[in-house]
Structure formats: structure tokens, C-alpha cells
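Numbering of ligands and ligand atoms starts at 1, following listing order.
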Amino acid sequence: MTLDLFGSVQRKVPEHEDLLPGVVVLRRRALADDAALVAASHSVTSISPFRHMVTPGGFTMSVAMSNCGEWGWVTDRTGYRYDRLDPQTGKPWPPMPAIFETLATEAAAEAGFANFTPDACLINRYEPGARMSLHQDRNERDFSQPIVSVSLGLPAVFQFGGDQRADKTVRVPLAHGDVIVWGGPARLRFHGILPLKRGDHPLLGAQRINLTFRRAG
Ligand code: MD6
Ligand code: FE
């Protein structure tokens, strides 16, 4: 704890938290580049727009999604998978912006995963009430590769479970600019996002954008 020039109390936010084995939170790591990241995200979604995909069970997701990079994560009635083409445009996903790839590679290295080169970036858009129910990320080929996840806009509560759906969960608040890197023993843990609370973020208004970087192919 330190006192600043005006005598108010500032709690130091730890920059590098080891949340659970294999999970590192880099608080505010993306903050300095926030406007450029939002602009890059807009350039992607102007080509491959946000859309609400349908799960194999027939439910329309409350989170709207797009992708960039060589592979994009998609779901429809036939299942979850990575695809080189955007099913909505019939064209390849937009290339991954350099500022995305640089952030993902640097954050992974800071968390202990050297040489992470993502070939897929899923862009999730949450509006108030949107949520992501508990799931595992298991459509990727190589589980030794980490996942880097960047939060922008309204804050959200991330739920971390165990390797079984019924395992008890811990809640982790994620704010604008926070980056999570996870892999190793945490790679297949169940996780989700609680329903987004209403709010108005200076840069993004009433939404949260999440960028999730993976090595899919
Ligand atoms: C989200 N994230 O933060 C949803 N999955 O909006 C995920 O589902 C996720 O953040 C794997 C690794 C990191 C993540
Ligand atoms: Fe996930």
C-alpha cells in the first residue's frame, strides 16, 4: 500500500498472480493498448461480423462471436470445431492483427509459456445478461499449448471449476485490460462467465469484449 501525492490510499494490484496451478493473471496487462485493440477488433468484425451461434443442442448462444487468424471456432447443429472459413461470409477469417498476436505471445512468455504463436483468435461480445456456461476448451489439437484470454470493457466474473463439471468453482473478477494465461495442469478445467452486469464503459459502452488466443491447428 502506498500514499500518492494527494494522500489517498492506493492498493497495489499484483501484476502477476498465480491463481491456480497453470493459471496466471496479468492484471491490466492490455490496458496501455486498449484503444488499439478495440480498433483492431472492429476491423475484424467489419469483415466477419459478430453473430450468435447455435450449439449442437439447439440453443442460441447469448454471447456474440467472431474470429480472426487461420482458424476460427464455430458451433452449429453438427457440433463444435475450428474452421478456416467463416460460414457466414464463405471466406477465410480476417488475418490476425499484429497487435493481437504480439500481445498474446508476450503475455504467454511472461506467464512461462515461451514461443506461443496463436493461429486462432475468438472474439466474444457480451452484452448485459450474456453469459458463458461451464465448459472445457478441448477442440484444439495440442493441449500442451496455453490459452491467452484478454478482457476489455465491462467487468465480468470468471468461474473456474475442476476437471469435472460438478467440481466446485472459484470466482475471479476480470476487469478491463486483464489478461489470463492458462495451460499445463489447468488446460482442461471447466470454466465460464457469469451473466454480465449492466454498466457503461468509457471505451466500449454496455459491453465486454473477450479475445481468446489459441493454437488450434
Ligand atoms: C470469456 N473465456 O472470458 C470466455 N476459455 O469471455 C473462455 O471461455 C476461455 O477466457 C479458455 C481460456 C480462457 C478463456
Ligand atoms: Fe473457454
Donor-acceptor list for residues 180-188 side chains, cut-off 3.5 Å, not counting sequence neighbours:
| residue | atom | partner | partner atom | Å |
| --- | --- | --- | --- | --- |
| Arg187 | NE | Gln145 | O | 3.1 |
| Arg187 | NH1 | Asp137 | O | 2.8 |
| Arg187 | NH2 | Glu140 | OE1 | 2.8 |

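- For ligand 1, the atoms sitting less than 4.0 Å from at least one non-hydrogen atom of Tyr126 are 1 (C), 4 (C), 6 (O), numbered in the order shown with element in parentheses.
- Side-chain contact between His191 and His135: present, with at least one pair of heavy atoms (C-beta onward) separated by less than 4.5 Å.
- From Leu154, atom CG reaches atom NZ of Lys197 across 11.5 Å, with rounding to the nearest 0.5 Å.
- Take Ser41 and apply the side chain to side chain donor-acceptor pair (under 3.5 Å) test, not counting sequence neighbours, and it matches no residue.
- Using a 4.0 Å cut-off to heavy atoms of His191, the atoms of ligand 1 that qualify are 5 (N), 7 (C), 8 (O), 9 (C), 11 (C).
- In this structure, the protein non-hydrogen atom closest to atom 2 (N) of ligand 1 is Asn210 OD1, 3.8 Å.
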Check against side chain to side chain contact (heavy atoms under 4.5 Å, CB included), Leu174 and Arg27: CA-CA 8 Å; Leu174 291 180; Arg27 293 285 178 199; 3.9 Å; yes
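- Proximity of Asp137 to ligand 1 is established by a heavy-atom distance of less than 4.0 Å.
- Around the Fe ion (ligand 2), the protein contributes the following N, O or S atoms under 2.8 Å, ordered by chain and number: His135 NE2, Asp137 OD1, His191 NE2.
- Relative to the six-membered ring of Trp73, Arg81 misses at least one condition, a distance below 6.0 Å or an angle of at most 45° to the axis.
- Applying the 4.0 Å criterion to heavy atoms of Arg214 picks out, from ligand 1, the atoms 5 (N), 11 (C).
- In the vicinity of Ile147, heavy-atom distances shorter than 4.0 Å reach the ligand 1 atoms 11 (C), 12 (C), 13 (C).
- Within ligand 1, counting atoms from 1 as listed, the ones closer than 4.0 Å to a heavy atom of His135 are 8 (O).
- Atom 13 (C) of ligand 1 has its closest protein heavy atom at Trp182 NE1, 2.8 Å.
- Separation of atoms CG (Leu152) and CG (Asn210) is listed at 8.5 Å; rounding is to 0.5 Å.
- Of all protein heavy atoms, the one closest to atom 10 (O) of ligand 1 is Ser149 OG, 2.7 Å.
- Near Ile193, the atoms of ligand 1 lying under 4.0 angstrom from a non-hydrogen atom of the residue are 1 (C), 3 (O), 4 (C), 6 (O).
- Close approach of ligand 1 to Arg208 (heavy-atom distance below 4.0 Å) involves ligand atoms 1 (C), 3 (O), 6 (O).
- The salt bridge (charged side-chain N to carboxylate O under 4.0 Å, His left out) search around Asp86 returns Arg51, not counting sequence neighbours.
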